[in-house]
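First the structure, in the form of C-alpha cells, and then the observations on it.
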Amino acid sequence: MKKKSRYIIIIFIIGFSYIQAHISIWGFNIPKNELSDVIITTKENSYMITDSNLVLELTKEVSKMKKLNKIVANNYPLSKDNSTKFIKILVQTKNKGTYGGSFWNNDNSIVFDSNGYYWSTSKNLFDLMDKSLQHAKKLY
C-alpha cells in the first residue's frame, strides 16, 4: 500500500509541475518559459508587448476564454463590419510559434475566433489590453 501511495504522490507532483509550467490558450498548451511577446492590433496600429510580466498577465487572461461554438461557413464572419477597437491578438513564443485570432461583433457582445472556434471575451481582457498598450512598442 505504501508503494502505491508513493507512486500516486509522484504522479500528482509531476502533473502539478506540468500544469504550473504550461498555459492553455485556444486549445494549445504552451510552456510559460517559451512565451516571448504579444502583438495587439487595433484599427489604427499594431503594438508589441515584450514586458514578460505583461505578456504572462495577458496570456493568463486569454487562457480564461471559453470555447463557444465551432466556426462553420454559415457563421463566419459574424459581422462584416468589425467595429471593435481591437482587431487581433497574437501570442508569440521564443521558438517562433504564433497563436491568435481576431475579434468580431456578435450582436451585443464581442467574440474571438481562433483554432476553428469562437471564444468568449471579457471586459478584463480588454482593460488589460488597453493597459498593455501604454507599455508597448508601436509596429506600424
Side-chain angles (χ1 to χ4, degrees):
M1 238 6 193
K2 290 182 180 182
K3 198 172 192 177
K4 188 175 183 181
S5 297
R6 283 187 202 149
Y7 287 128
I8 290 172
I9 291 170
I10 291 170
I11 290 170
F12 177 77
I13 290 171
I14 291 170
F16 184 75
S17 297
Y18 179 84
I19 290 169
Q20 292 296 352
H22 289 75
I23 193 156
S24 179
I25 57 171
W26 310 305
F28 300 100
N29 288 319
I30 302 168
K32 288 180 184 176
N33 65 351
E34 282 293 312
L35 295 173
S36 170
D37 56 71
V38 173
I39 295 176
I40 297 173
T41 302
T42 67
K43 286 186 172 189
E44 295 82 30
N45 297 298
S46 288
Y47 302 88
M48 179 182 281
I49 294 94
T50 57
D51 176 275
S52 59
N53 291 328
L54 279 174
V55 169
L56 184 58
E57 196 175 348
L58 280 162
T59 308
K60 283 181 179 178
E61 192 60 41
V62 163
S63 75
K64 296 175 186 176
M65 289 181 170
K66 303 289 184 219
K67 193 184 295 183
L68 297 174
N69 54 358
K70 190 169 180 65
I71 297 172
V72 292
N74 65 347
N75 72 359
Y76 182 84
L78 291 174
S79 171
K80 296 203 187 297
D81 171 33
N82 189 343
S83 60
T84 64
K85 174 182 179 178
F86 297 106
I87 307 298
K88 290 185 177 192
I89 186 169
L90 303 172
V91 174
Q92 298 190 116
T93 63
K94 293 174 185 169
N95 66 6
K96 306 297 182 214
T98 301
Y99 307 87
S102 303
F103 295 98
W104 296 96
N105 286 327
N106 183 26
D107 298 326
N108 295 328
S109 65
I110 299 171
V111 297
F112 185 77
D113 79 80
S114 182
N115 198 20
Y117 290 89
Y118 288 118
W119 300 79
S120 65
T121 59
S122 69
K123 182 178 180 332
N124 289 344
L125 175 61
F126 295 117
D127 290 345
L128 184 56
M129 286 192 300
D130 268 330
K131 172 187 157 191
S132 297
L133 293 184
Q134 298 169 17
H135 307 282
K137 173 185 173 188
K138 189 187 286 189
L139 298 177
Y140 55 86

- [ ] List the steps, then state whether side chain to side chain contact (heavy atoms under 4.5 Å, CB included) holds for His135 with Asp51.
- [x] CA-CA 8 Å; His135 307 282; Asp51 176 275; 5.6 Å; no
TODO: Tell me, with the steps shown, if Val38 and Leu54 meet side chain to side chain contact (heavy atoms under 4.5 Å, CB included).
DONE: CA-CA 9 Å; Val38 173; Leu54 279 174; over 6 Å; no
Task: Verdict with reasoning, Leu68 to Tyr117, per side chain to side chain contact (heavy atoms under 4.5 Å, CB included) - done: CA-CA 7 Å; Leu68 297 174; Tyr117 290 89; over 6 Å; no
Open item on the list: With salt bridge (Lys or Arg N to Asp or Glu O under 4.0 Å) as the criterion, how do Lys60 and Glu57 come out once you've worked through the C-alpha distance, each side chain's angles and the decisive distance to 0.1 Å?
Closed with: CA-CA 5 Å; Lys60 283 181 179 178; Glu57 196 175 348; over 6 Å; no
TODO: Show your reasoning for whether side chain to side chain contact (heavy atoms under 4.5 Å, CB included) applies to Asp130 and Lys85.
DONE: CA-CA 10 Å; Asp130 268 330; Lys85 174 182 179 178; 2.5 Å; yes
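Residue Tyr99 holds its OH atom at 7.5 Å from CD1 of Ile25, rounded to the nearest 0.5 Å. Summarising the geometry, atom CD1 belonging to Ile23 is positioned 5.5 Å from atom OG1 belonging to Thr59; distances are rounded to the nearest 0.5 Å. Rounding to the nearest 0.5 Å places CE of Met48 at 5.5 Å from CD of Gln92. Considering OH of Tyr118 and CD1 of Ile110, their distance stands at 14.0 Å, rounded to 0.5 Å. Atom CD1 in Ile40 sits 9.5 Å away from atom OH in Tyr47 (nearest 0.5 Å). Taking CZ of Phe103 as the reference point, atom NZ of Lys88 lies at 11.5 Å (rounded to 0.5 Å).
Across Gly100 and Ser114, no two heavy atoms sit closer than the pair O-OG, 3.0 Å. Between Leu58 and Ser132, the shortest heavy-atom contact is CD1-OG, 3.5 Å. Between Leu35 and Lys94, the shortest heavy-atom distance links the atoms O-CE, 3.7 Å. For the residue pair Val55 and Ile49, the shortest heavy atom distance occurs at CG2-O, 3.4 Å. Closest approach of Met65 and Ser120 over heavy atoms only: CG-O, 3.0 Å. Nearest approach of Trp26 to Asn115, heavy atoms of both residues: O-ND2, 2.9 Å.
For the residue pair Thr93/Asn95, the side-chain donor-acceptor check at 3.5 Å is satisfied. Side-chain atoms of Ser63 and Ser24 include no donor-acceptor pair closer than 3.5 Å.
The aromatic rings of Phe126 and Phe86 sit parallel, their planes meeting at an angle under 30°, below the 60° perpendicular limit.
Paired with Ile39 under the rule side chain to side chain contact (heavy atoms under 4.5 Å, CB included), one option of Val91, Leu139, Thr98, Ile89 passes, and it is Leu139.
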